[in-house]
Amino acid sequence: MSHDEPIKAYMRSVRSSLHLPKKQRLRVLEEIENHLNDGAAAHMGLGTPRKQAITLAIDELGPPDEVAAGFIEQGARAPDRTGPTRWLPMLVPLFLFVPAVGLLAWSLTWYSGGLTIGEQVVQRTYVLRALIAAALSCAAYLSIRRAHSDKA
Amino acid sequence: MLLLAALVSGPAHGYALSAELRRRSDGLLAIVEGSLYPALHRLEAAGLVASSTETADGRRRRRYELTADGKAALDEEMRSWEMFKRCVDSVLEKIA
């Protein structure tokens, strides 16, 4: 068994308990492994044999399941909103906005022949729908931007 | 507050931060190292620290640094701590 095997075993154990999005998981694993290597190097710098230094570094970090649990709690409190998926809530207002604008544009072609009272009412409804959908889209966009900047 | 204070002297990676806290407290304050990174990630999510990666000796390392908001939060925390300390000292002096 190589001297580094305890670190590899520790990392396997953390990895199996760490249920986080891939990007976040890779970051956490990299930090933990670096921490263990730094800790072992620090103990070796004080004259501790390598094998014992690794054991000390692992003991100082704590049990792997507890370490992983700390990150999972953190992940639950602050979900990853940095990816493209954060824009998903925009789909609903956009689904309203695009047809509303399409209908409004189509209704504007009626001008060429003049508008009856009924057509004017319908057109006003299309304008109102387009305005509401635009307002919803703007509100959703600003909310997502604000949530993202709060996190960053 | 202690993590923010440990970053005042400059950017540092996680292990260096825990070592700095131990050093400044003469070993009395040994942060539970497993809780160090979740705490750093929370501070980063709150915008009080920022992190970046660097490669040294073939290893990619993440280092943390205090942001302007983090410095302001630390100043505020230190003011609160000073006030709390004065209150406790005042009560203890009256008892003694």
Side-chain angles (χ1 to χ4, degrees), chain A residues 4 7 10-11 13-14 17-18 20-21 23-46 53-54 56-82 146-152, chain B residues 2-4 6-7 9-73:
Chain A
D4 288 342
I7 290 183
Y10 187 94
M11 294 308 299
S13 187
V14 173
S17 307
L18 201 60
L20 291 173
K23 189 177 169 188
Q24 205 177 343
R25 188 173 70 245
L26 291 176
R27 171 180 169 173
V28 167
L29 290 171
E30 188 178 68
E31 286 193 299
I32 291 175
E33 190 166 9
N34 278 332
H35 190 99
L36 288 174
N37 285 318
D38 287 341
H43 286 297
M44 285 164 61
L46 296 172
I54 289 173
L56 284 171
I58 287 174
D59 287 346
E60 285 164 358
L61 196 56
D65 54 337
E66 286 181 21
V67 171
F71 287 104
I72 290 165
E73 282 173 26
Q74 159 73 15
R77 271 195 296 271
D80 185 15
R81 293 187 303 237
T82 57
R146 191 185 310 151
H148 180 58
S149 63
D150 284 348
K151 186 174 184 285
Chain B
L2 295 174
L3 282 176
L4 295 178
L7 282 168
S9 51
H13 53 79
Y15 187 82
L17 273 176
S18 65
E20 177 68 5
L21 285 174
R22 266 199 308 272
R23 190 189 63 77
R24 285 196 201 181
S25 66
D26 294 327
L28 291 174
L29 194 66
I31 189 167
V32 181
E33 294 185 4
S35 63
L36 171 68
Y37 295 96
L40 283 170
H41 291 194
R42 276 197 295 276
L43 290 173
E44 188 177 14
L48 304 183
V49 303
S51 75
S52 57
T53 53
E54 58 182 6
T55 303
D57 302 326
R59 272 199 290 162
R60 213 163 66 112
R61 318 277 310 257
R62 185 170 291 274
R63 63 180 201 162
Y64 294 87
E65 62 184 315
L66 207 56
T67 63
D69 283 351
K71 178 75 175 67

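In what follows, chains are A, B, ... by sequence order, proteins preceding strands, each numbered from 1.
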Straight-line distance of B:Ser18 OG to A:His35 NE2, nearest 0.5 Å: 4.5 Å
With B:Arg62 via salt bridge (Lys or Arg N to Asp or Glu O under 4.0 Å) - residues at least two apart: none
B:Arg59 versus chain A, the contacting section by heavy-atom distance below 4.5 Å: side chain
Residue, of A:Pro63, A:Pro64, A:Gly39, A:Ala42, that accumulates the most heavy atom pairs under 4.5 Å with chain B: A:Gly39
Positions in residues 64-72 of chain B that reach chain A, provided some heavy atom is under 4.5 Å away: B:Tyr64
Pairing residues for B:Glu20 by the salt bridge (Lys or Arg N to Asp or Glu O under 4.0 Å) criterion, not counting sequence neighbours: B:Arg23, B:Arg24
Result of checking B:His13, B:Arg61, B:Arg60, B:His41 against A:Glu31 for side chain to side chain contact (heavy atoms under 4.5 Å, CB included): B:His41
Partner residues of A:His43 under the ring-ring contact (aromatic ring centres under 6.0 Å, His included) criterion, sequence neighbours left out: none
Close side-chain approach of B:Ser51 and A:Arg27, heavy atoms under 4.5 Å: yes
